[in-house]
2 protein chains.
Amino acid sequence: MELFRPIAPVKAYQEIINQLEETILSGRLRTGDKLPPERELIESLGTSRRTLREAFRVLEQKGLLEIKIGSKGGTFVADRIQERLGETLGLLMRTENVTQLELAEFRSNTESTVAGLAAERATMEEISALEAEVDSVEALLDHALIDQQRFIELEMALHQNLVTICGNSVYIPILKTIHEVLLYPMWEKDPIDRDYVKTALKDWRGLLDALRRRAPGDAKEIMRHHVSHFDGLDA
Amino acid sequence: MELFRPIAPVKAYQEIINQLEETILSGRLRTGDKLPPERELIESLGTSRRTLREAFRVLEQKGLLEIKIGSKGGTFVADRIQERLGETLGLLMRTENVTQLELAEFRSNTESTVAGLAAERATMEEISALEAEVDSVEALLDHALIDQQRFIELEMALHQNLVTICGNSVYIPILKTIHEVLLYPMWEKDPIDRDYVKTALKDWRGLLDALRRRAPGDAKEIMRHHVSHFDGLDA
DNA sequence: TAATTACAATGGTACCACCATTTATAAAAA
DNA sequence: TTTTTATAAATGGTGGTACCATTGTAATTA
């Protein structure tokens with residue numbers, strides 16, 4: 001009889017998850033690396049194929065592994081955590097714990113902060129590159145019909161680039177998730193007319209100016225207005 | 001020979017995941033509901049236990065299911081998506097090589113925003129409850145030796161409560177992750193003296209005042225200073 | 001040479017038996 | 001009677017083995 005047994009008994013599949021996760025996160029296994037076939041791994045790990053596969057399913061869901069079937073298939077270390085983050089965020093919304101309004105407010109505040117940081121740190125080259133993209137948006141007005149799909153792509157790219165310019169990588173996955181998972185579908189519903197594009201252009205021109213003037217306060221206000229307008233917070 | 005075969009062959013476990021996920025998200029199964037035992041479900045679904053269990057593992061990881069072993073155990077519908085969001089966020093930060101500085105900056109900006117929102121929306125009851133907690137921190141000064149562990153717990157709780165007060169649940173999992181995963185270990189390293197606690201107290205008293213005065217700007221500035229001081233951004 | 005076929009590697013599925021954990025209940029001891 | 005202990009039942013956890021499905025490559029055939 002045992003005097004002491006673990007409070008929370010360790011399950012085999014959980015142990016495998018922990019071990020592989022640690023190996024991947026520590027960098028000993030890198031993105032793209034191929035793991036040994038299941039039938040070999042079970043010998044190294046001293047477990048059964050069934051248990052290993054349950055662990056694989058979890059790590060696949062976490063975005064750390066990617067599993068392909070077929071002759072050249074196998075288990076590969078992946079880098080899809082961001083996708084999963086987006087999926088989870090979408091899941092959270094569907095369960096009605098998070099409203100569209102909360103999300104829009106979060107985006108408004110966060111993008112505004114990012115714009116402020118960008119105004120403090122943007123180099124002339126970065127500003128010029130951004131301006132070139134804004135010009136691309138303006139070019140859309142040359143056509144009688146607005147290419148809605150293209151406009152959304154350009155808008156998205158502009159926001160992504162601004163995040164990069166702000167120099168804090170924490171914001172990148174967070175805003176990318178918000179953009180792709182939640183705003184993309186929203187924008188697709190609302191039809192975009194010429195006035196819409198013109199308003200957006202005015203915002204971006206103003207932002208470029210604020211970046212050049214190193215005016216974080218102005219940049220924040222412009223971006224707050226821009227995002228609020230697009231998300232319908234000002235409606 | 002087949003003329004047409006599916007582009008992406010549907011895997012059985014994926015089909016089970018989709019089916020159960022849809023059932024849960026549509027509300028036909030609600031949080032706390034107990035699913036039939038594995039051995040019964042495989043008959044309804046026409047699959048094997050192994051396949052069902054792989055699907056369960058994924059849904060458990062997603063935070064939609066909770067599985068308990070033992071006589072009164074079973075598979076239950078859970079509501080742990082927010083936890084998973086936090087976990088995923090932590091994972092992402094570990095893999096994206098986020099620096100401590102970036103993280104501190106993100107926290108400073110975000111907590112500041114949250115404080116501003118709280119100042120706009122806090123009820124008198126919420127402010128009083130927060131004040132009671134601040135009093136608990138002050139009580140730590142009655143002892144010759146500061147209970148470091150307790151101080152950290154109280155600080156953490158104060159921040160969490162402020163997030164709740166701000167009324168936007170998007171911030172909850174994000175800041176919770178930042179706090180638990182990344183700041184906790186940091187705080188444990190630095191020894192906390194009486195002056196440290198006194199400074200923190202002054203910040204919180206000031207914040208309480210700002211909340212009462214409905215002064216978002218002041219609240220934001222105080223919180224920015226408070227967080228920066230603790231994270232060593234001002235050093 | 002080009003199309004077809006066969007093979008091999010690898011993950012996907014299935015059935016069966018048994019182990020481990022937890023709870024409830026009954027039996028035994030105080 | 002009350003407390004402790006042993007037993008049983010329910011349920012998830014693990015292991016083994018065999019076979020199926022998918023995919024790429026090499027051998028075969030026209």
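Note on naming: letters A, B, ... go to the chains in the order of the sequence lines (proteins, then strands), and numbering restarts at 1 for each one. Quick caveat, the model's predicted, so the values are computed rather than measured.
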**Request:** Measure the distance from CD on A:Glu15 to P on D:dT14 and round it to the nearest whole Å.
**Result:** 11 Å

Could I get a table of every N or O pair under 3.5 Å where one atom is in the protein and the other is in nucleotides 13-17 of chain C?
{"residue": "C:dT13", "atom": "OP1", "partner": "B:Ala12", "partner atom": "N", "Å": "2.5"}
{"residue": "C:dT13", "atom": "O4", "partner": "B:Arg50", "partner atom": "NH1", "Å": "3.3"}
{"residue": "C:dA14", "atom": "OP2", "partner": "B:Thr47", "partner atom": "OG1", "Å": "2.9"}
{"residue": "C:dA14", "atom": "OP2", "partner": "B:Ser48", "partner atom": "N", "Å": "3.1"}
{"residue": "C:dA14", "atom": "OP2", "partner": "B:Ser48", "partner atom": "OG", "Å": "3.3"}
{"residue": "C:dA14", "atom": "OP2", "partner": "B:Thr51", "partner atom": "OG1", "Å": "3.0"}
{"residue": "C:dA14", "atom": "N6", "partner": "B:Arg50", "partner atom": "NH1", "Å": "2.7"}

**Prompt:** Quick one: does B:Glu38's side chain have a donor or acceptor within less than 3.5 Å of a partner on B:Arg49's backbone?
**Reply:** no

**Complete:** Result for side-chain hydrogen bond (donor to acceptor under 3.5 Å, both in side chains) between A:Arg80 and one of A:Glu60, A:Gln61, A:Glu66, A:Glu87 points to A:Glu66

**Item:** Derivation of the side-chain contact (heavy atoms from CB on, under 4.5 Å) call for A:Ile152 and A:Ile192
**Value:** CA-CA 9 Å; A:Ile152 291 174; A:Ile192 289 165; 4.0 Å; yes

**Prompt:** Given atom CG of A:Leu35 and atom C1' of C:dG11, what is their separation to the nearest angstrom?
**Reply:** 13 Å

**Message:** Measure NZ/B:Lys72 against C1'/C:dA20 and give the value in whole Å, please.
**Reply:** 19 Å

**Asked** Under 30°, 30 to 60°, or over 60°: which ring-plane class applies to A:Trp204 and A:His159, parallel, tilted or perpendicular?
**Response** perpendicular

**Item:** B:Phe56 CZ - D:dG13 C1' separation (whole Å)
**Value:** 13 Å

**Item:** Exceeds 12 heavy-atom contacts within 6.0 angstrom, atom NZ of A:Lys34
**Value:** yes

**Prompt:** Is there a donor-acceptor contact under 3.5 Å linking the side chains of B:Gln14 and B:Asn18?
**Reply:** yes

**Fill in**
When rounded to whole Å, the CD1 to P distance for the pair A:Ile67 and C:dG11 reads 8 Å

**Request:** Report the C-alpha distance between B:Leu92 and A:Gln82 in whole Å, list the side-chain angles of each, state the deciding distance to 0.1 Å, and finish with yes or no for side-chain contact (heavy atoms from CB on, under 4.5 Å).
**Result:** CA-CA 7 Å; B:Leu92 194 64; A:Gln82 195 167 297; 4.2 Å; yes

**Donor-acceptor pair, side chain of B:Ser26 and main chain of B:Thr23, under 3.5 angstrom** = yes

**Request:** To the nearest Å, give me how far apart CG (B:Leu52) and P (C:dG12) are.
**Result:** 16 Å

**Asked** Rounding to a whole Å, what distance do you find between A:Ile69:CD1 and D:dC19:P?
**Response** 21 Å

**Asked** Hey, does the side chain of B:Ser108 reach the backbone of B:Ala104 with a donor-acceptor pair shorter than 3.5 angstrom?
**Response** no

**Integer-rounded Å distance: D:dT14 P and A:Ile17 CD1** = 10 Å

Between the protein and nucleotides 5-9 of chain D, list the N/O to N/O atom pairs that are separated by less than 3.5 angstrom.
none

**D:dT11 phosphate, OP1 or OP2, under 4.0 Å from B:Thr75 side-chain N/O** = no

**Request:** Report the end-to-end axis angle of the helix from C:dT1-D:dA30 to C:dA30-D:dT1; each axis comes from five terminal pairs, and the value is rounded to 10°.
**Result:** 10°

**Message:** Just so I know, are the side chains of B:Leu207 and B:Val134 near enough to count as touching, which here means a heavy-atom distance under 4.5 Å?
**Reply:** no

**Message:** Go through it in stages, so that I can follow the logic: the residues are B:Leu89 and B:Ile178, the test is side-chain contact (heavy atoms from CB on, under 4.5 Å), and I'd like the CA-CA distance, side-chain angles, deciding distance and then a yes or no.
**Reply:** CA-CA 9 Å; B:Leu89 204 55; B:Ile178 304 271; 5.7 Å; no

